[in-house]
Novice: 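Dropping a structure here in structure tokens format, bear with me for questions.
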Amino acid sequence: MTSLPALHRARAGDAVRAENPLRAGTVAFYPGSFDPLTIGHVNIVERGLRVFDRVVMALAHNVNKQAMFTLEERRDHIREVFAHDARVSVTVFEGLLVEAAVAHGATAVLRGLRGVADFEYEFQMSTMNHLLAPELETVFMMTEKGHFFVSSQLVREVASLGGDVALLVPAPVLAALAARLRK
Ligand code: ADP
């Protein structure tokens, strides 16, 4: 026999789906620079999908940050890497992160933590975001063992100096790095 709480949950879920099929299920908003996308990011998305129905990867349009790849290039890398999984999408946003997240139907912001170096900034940002949008939670995933040293910045530096980063980035990014550095 179906328990009452389970029945209630099912009905509530059905109602949401009937209202707008695109907003069915839980959505996490995963913001970042992804310059370039690394295996650390891919891992956070894959594990995020164990908790959320969809992950929206969100590229911040940051005019102050000097990027190696343009927003369009980074968006294309993400699209190519997750082409097999319709649960992952990518967007570019300007302005307040919390507004973009809510506009995408997200109930949570997804972030990764590599260690204490990430903690302070993430703690500040999640506290500020919670103040701005209390209905939005930030969910942190600890880095997968063996990924704690992987960062976009280090990948850019090592690749620029001719080092092999094949184990640190997905194949389309490796190809893009090689092409960029040949120029
Ligand atoms: P940002 O400029 O917002 O820090 P990044 O692209 O560097 O953008 O990182 C986006 C998110 O992914 C951050 O929450 C960061 O901590 C997380 N992240 C990056 N690399 C890793 C990794 N190797 N393991 C776990 N999380 C990671």
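Indexing begins at 1, ligand by ligand and atom by atom, following the structure's order. Heavy atoms only: backbone and side chains are in, while hydrogens, waters and symmetry mates are out. We're numbering straight along the sequence, starting at 1.
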Novice: Do Phe82 and Ser89 have side-chain heavy atoms sitting under 4.5 Å apart?
Specialist: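 Sidechains of Ser89 and Phe82: no contact.
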Novice: Name the closest protein heavy atom to atom 8 (O) of ligand 1, giving the residue it belongs to and the distance to 0.1 Å.
Specialist: Ser33 N, 3.0 Å
Novice: Could you tell me which atoms of ligand 1, counted from 1 in the order shown, lie closer than 4.0 angstrom to a heavy atom of Pro31?
Specialist: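 The list of qualifying atoms is 10 (C).
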Novice: Centroid separation under 6.0 Å, is that true for the rings of His77 and Phe69?
Specialist: yes
Novice: Is the shortest N/O to N/O distance between Gly112 and ligand 1 below 3.5 Å?
Specialist: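 Yes; the residue has a nitrogen or oxygen that sits under 3.5 Å from a nitrogen or oxygen of the ligand.
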Novice: Checking His41 side chain against Thr38 main chain: does a donor-acceptor pair fall under 3.5 Å?
Specialist: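 Yes; at least one donor-acceptor contact below 3.5 Å.
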Novice: Consider every N or O of Arg111 and every N or O of ligand 1, then say whether any pair is closer than 3.5 Å.
Specialist: yes
Novice: Would you check if there is a donor-acceptor pair between the side chains of Glu157 and Gln153 at a distance under 3.5 Å?
Specialist: yes
Novice: Are Arg156 and Asp35 close enough for a salt bridge, meaning some N to O gap below 4.0 Å?
Specialist: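 Salt bridge flag = yes for Asp35 with Arg156.
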Novice: Report yes if Ile44 has an N/O atom closer than 3.5 Å to an N/O atom of ligand 1; otherwise report no.
Specialist: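 There is no such contact.
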Novice: Applying a heavy-atom cut-off of 4.0 Å, say which part of Ser151 lies close to ligand 1: side chain, backbone, both or neither.
Specialist: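 Neither part.
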Novice: Before signing off on this row, confirm whether Thr38 and ligand 1 have an N or O atom pair separated by under 3.5 Å.
Specialist: no
Novice: Regarding atom 19 (C) of ligand 1: of the candidates Gln153, Met141, His41, which has the closest heavy atom?
Specialist: His41
Novice: Evaluate the side-chain proximity of Arg74 to Thr70: yes if any heavy-atom separation is below 4.5 Å, no if none is.
Specialist: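 Not touching, per the 4.5 Å side-chain cut-off.
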Novice: May I ask you to identify, for Asp118, whether its side chain, its backbone, both or neither come under 4.0 Å of ligand 1 on a heavy-atom basis?
Specialist: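 Under 4.0 Å from ligand 1, Asp118 contributes side-chain atoms alone.
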Novice: Kindly determine whether Phe29 and Val98 satisfy side chain to side chain contact (heavy atoms under 4.5 Å, CB included), including the steps that lead there.
Specialist: CA-CA 9 Å; Phe29 195 77; Val98 291; over 6 Å; no
Novice: Going by the angle between their ring planes, with limits at 30° and 60°, are Phe119 and Phe123 parallel, tilted or perpendicular?
Specialist: parallel
Novice: Taking distance alone, with N or O pairs closer than 3.5 Å, would you say Ser152 contacts ligand 1?
Specialist: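 Looking only at distances, the answer is no, because the N/O contact criterion of under 3.5 Å is not met.
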Novice: Does ligand 1 come near enough to Arg114 that some N or O of the ligand is less than 3.5 Å from an N or O of the residue?
Specialist: yes
Novice: What do you reckon, is CD of Glu120 surrounded by more than 12 foreign heavy atoms closer than 6.0 Å?
Specialist: no
Novice: Return the residue, atom name and 0.1 Å-rounded distance of the protein heavy atom closest to atom 17 (C) of ligand 1.
Specialist: Tyr30 OH, 3.7 Å
Novice: Before signing off on this row, confirm whether Gly40 and ligand 1 have an N or O atom pair separated by under 3.5 Å.
Specialist: no
Novice: Give me the nearest non-hydrogen protein atom to atom 24 (N) of ligand 1 as residue plus atom name, then the distance to 0.1 Å.
Specialist: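 For atom 24 (N) of ligand 1, the nearest protein heavy atom is Thr143 OG1, 2.8 Å.
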